[in-house]
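These notes concern the structure reproduced below.
Predicted, not measured: the structure shown is a model, and the values here were computed from it. Order of the sequence lines sets the chain letters (A, B, ...), proteins ahead of strands, with each chain counted from 1.
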There are 2 protein chains.
Amino acid sequence: MDPHLLRTFLAVAETGSFSAAAEQLRYTQSAVSQQIAALEADLRTPLLTRRPVALTPAGERLRGHASILLVRLAAARADVTRAVAPPGRLIVALTPLAWHPALADALALLRTESARLTARLRLAERDQVVAAVATGEADLGLVDGFTAPSDPLRLPDTGGARAIGVAESPAVVAVAASHPLARRRRVDLSDLADAYWIDAPAVAAHTRLPVDGLRPGLRYDGQDVTVLAGLAAAGHGLAVLPEPLVTTHPSLTGVPISAPRLVHRVELVRIPAHLTGGEPAARLAALIEHR
Amino acid sequence: MDPHLLRTFLAVAETGSFSAAAEQLRYTQSAVSQQIAALEADLRTPLLTRRPVALTPAGERLRGHASILLVRLAAARADVTRAVAPPGRLIVALTPLAWHPALADALALLRTESARLTARLRLAERDQVVAAVATGEADLGLVDGFTAPSDPLRLPDTGGARAIGVAESPAVVAVAASHPLARRRRVDLSDLADAYWIDAPAVAAHTRLPVDGLRPGLRYDGQDVTVLAGLAAAGHGLAVLPEPLVTTHPSLTGVPISAPRLVHRVELVRIPAHLTGGEPAARLAALIEHR
DNA sequence: ACACCTTACGCAAGCCGTAAACATA
DNA sequence: TATGTTTACGGCTTGCGTAAGGTGT
């Protein structure tokens, strides 16, 4: 169970191909084959079926562990290595829907305080945001999701990063103004099982909505919220979105959700130990928390 | 950051000696030296001071990460490997104070149900109990600790094990019946900062009591609750213990604690995925939970 | 001087790449 | 037959042990 082997195992699992994984990791196809064979020999269990390449049940379990392990390993390295962070650096990773104008304000204030601050925002998926913070690639993270009111988000276990809620807003079903649903006062999500939904995993992990059986009609793989809103406005399907976002979009109507009780929640992700000093990241975290 | 290197690093950190670590891991002293050197070269940071051997700040941080990583690695291996658990096996790991007669009853009931069940109890420290469950060495774990009422125990992050509370009882200060304190109706822990305490880390992690400055007068390194109670009864010092335990001991008096609010709490540790079936462990968990 | 960690060096095992063999759609 | 994984084999690297060399108490 060398971390090296776990990394190539993950690559194979993700790409679904030995050769693609080899190319991605700059190995030969043969090396990947040997590494997988070594891993299977070590665990005395087949992890993948070949032709087609797919995960066995044991492989599925290993996949979950492996991704966590590799992040924690990187986090450990970052935590030990990180001696003195470059003082003028501030990298914030965030999911698209975690964006809030207040963040812009806080950043602006920060830039007036510290003369030459190089701030950088990076959009990414939720798991990648948490991983980036854990590994020190980002100094701060903002992630979002839909949960029951005041329930924490169920984030993946990754490194020693901690998350605290910083904002909650009502969740609504966003529909085109012309849509019949737009005239409803409120709606129960389970009544909409037959409707078509816009699946935009890179924007909002709709998969995690606490309602099963929602049928995706159109899939959008980009990260731009505007595009998603535009698709909904054009009548391509429904989407659950935070209410403030829908309100600012003229051709969208937000229908309150009667059940299940659902809010859009934003959480700030940070590594406790590394934000005690007066670094820009600590300052920004404080600004966001006590907004 | 090979797991191999992490393991020897931990051994050196624990033993405080390269040669002792080498002996423990069946290496030569030279190999350990080379491994530590490799680790330090990889991380570009000194982890240990030699002569005397002690952890640098970076080493301290790595120690925390390494122990978690190794447990998770073992947990991953166990989770993937564990194909079919031997049906008649049931290993329960527990901390000494997590014992409860109800556990004996549940086990007895289980043995009447399953004809040939080989049950086994293993006493260990709290972290080791969690680790044993995570790695599959134990099927079920019971850990205890002192917290505020209905607060969960702050367990170390180890593997994918989950803990749920199964019992709470009042915490009292146990003193010899002849002790002046025995006549008090109740007592504030912070008033007892000057008293002598019995430090028994293997029985109860008193270090974790939410009160600082308690001065240990006598240290007991065994795991036997009876011995600890006996020491308290003999007047060697005070000890915070669960009230039921003190009540059953004739020569001990339990003085209720007025502040801080404190209870003795027992939690059941288990791996969610592996207890869905009708295995003995799942059965026992259900019996304990719904007692 | 002694205990203990580090360095030098040789050997064995591990690991990757090339290339040929093999399997499946 | 084409695509893609496995096996065979050679060369290089890694990592341990033995033994000699430092270094602080």
Side-chain angles (χ1 to χ4, degrees), chain A residues 1-60 62-63 66 69-70 73-74 76-77 80, chain B residues 1-60 62-63 66 69-70 73 76-77 80-81:
Chain A
M1 292 238 309
D2 204 282
H4 217 224
L5 302 185
L6 294 181
R7 191 172 62 114
T8 82
F9 169 72
L10 279 187
V12 172
E14 276 161 29
T15 62
S17 152
F18 282 50
S19 20
E23 191 177 1
Q24 176 183 319
L25 300 176
R26 307 294 208 140
Y27 282 123
T28 58
Q29 181 194 46
S30 164
V32 171
S33 179
Q34 291 177 57
Q35 290 187 20
I36 299 297
L39 199 54
E40 291 180 324
D42 179 27
L43 297 175
R44 281 173 244 284
T45 313
L47 300 169
L48 297 162
T49 63
R50 328 293 149 104
R51 207 177 289 277
V53 173
L55 291 168
T56 63
E60 290 282 6
L62 183 60
R63 191 233 261 277
L69 276 167
L70 290 186
L73 204 66
R77 167 182 294 276
V80 172
Chain B
M1 292 237 310
D2 204 284
H4 217 222
L5 302 185
L6 293 182
R7 192 172 61 114
T8 80
F9 168 72
L10 279 187
V12 172
E14 276 161 29
T15 62
S17 149
F18 282 49
S19 20
E23 190 176 3
Q24 176 183 318
L25 300 176
R26 306 295 207 141
Y27 282 123
T28 58
Q29 181 196 44
S30 162
V32 171
S33 180
Q34 292 178 57
Q35 291 189 20
I36 299 297
L39 199 54
E40 291 180 324
D42 179 27
L43 297 175
R44 280 173 244 286
T45 313
L47 299 169
L48 297 162
T49 62
R50 329 294 148 104
R51 204 180 300 272
V53 172
L55 291 168
T56 64
E60 291 283 5
L62 183 61
R63 192 233 260 278
L69 276 166
L70 291 185
L73 204 66
R77 168 182 293 277
V80 172
T81 302

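Looking only at distances, no side-chain donor or acceptor of B/Arg26 sits under 3.5 Å from a matching main-chain atom of B/Gln24.
Atom CD1 of B/Ile36 is separated from atom P of D/dC16 by 11 Å (rounded to the nearest Å). If you measure from atom CG of A/Leu48 to atom C1' of D/dG4, you get 14 Å, rounded to the nearest angstrom. What separates CD of B/Gln34 from P of C/dT7 is a distance of 10 Å, to the nearest Å. In this structure, A/Gln29 places its CD atom 17 Å from P of D/dA2, rounding to the nearest Å. In this entry the distance linking OH of B/Tyr27 with P of C/dC5 reads 17 Å, nearest Å. Following rounding to the nearest Å, B/His4 (NE2) and C/dA13 (C1') show an atom-to-atom distance of 13 Å. The interatomic distance linking A/Asp42 (CG) with C/dG14 (P) rounds to 12 Å, in whole Å. Atom CD of A/Glu23 and atom P of D/dT3 are 15 Å apart (whole Å).
In this model, the phosphate group of D/dT5 is not approached by any side-chain N or O of A/Ser33 to a distance below 4.0 Å at OP1 or OP2.
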- [ ] Go through the steps to decide whether A/His4 and A/Tyr27 satisfy the test ring pair (Phe, Tyr, Trp, His ring centres under 6.0 Å), and finish with yes or no.
- [x] CA-CA 12 Å; A/His4 217 224; A/Tyr27 282 123; 5.7 Å; yes
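With distances taken from any side-chain atom of A/Ala31 to the nucleotides D/dT6, C/dC16, C/dC5, the minimum falls on C/dC16.
Below the 3.5 angstrom threshold, one finds no donor paired with an acceptor across the side chain of B/Arg51 and the base of C/dC5. No hydrogens or angles were tested; on distance alone, a donor-acceptor pair under 3.5 Å links the side chain of B/Ser30 to the base of D/dT18.
Within the 4.0 angstrom heavy-atom criterion, no nucleotide atom of any strand lies near A/Val32. At a threshold of 4.0 angstrom between heavy atoms, the contacts of A/Ser19 are confined to the sugar-phosphate backbone, with no base atom among them. Looking at heavy-atom distances under 4.0 Å, A/Gln35 makes contact with sugar-phosphate atoms alone, never a base.
Side-chain polar atoms of A/Gln34 and A/Ser30 form a donor-acceptor pair below 3.5 angstrom. Side-chain N/O atoms of B/Ser19 and B/Glu23 include no donor and acceptor closer than 3.5 Å.
A/Arg7 and A/Glu14 are not joined by a salt bridge, as no carboxylate oxygen comes within less than 4.0 angstrom of a charged side-chain nitrogen.
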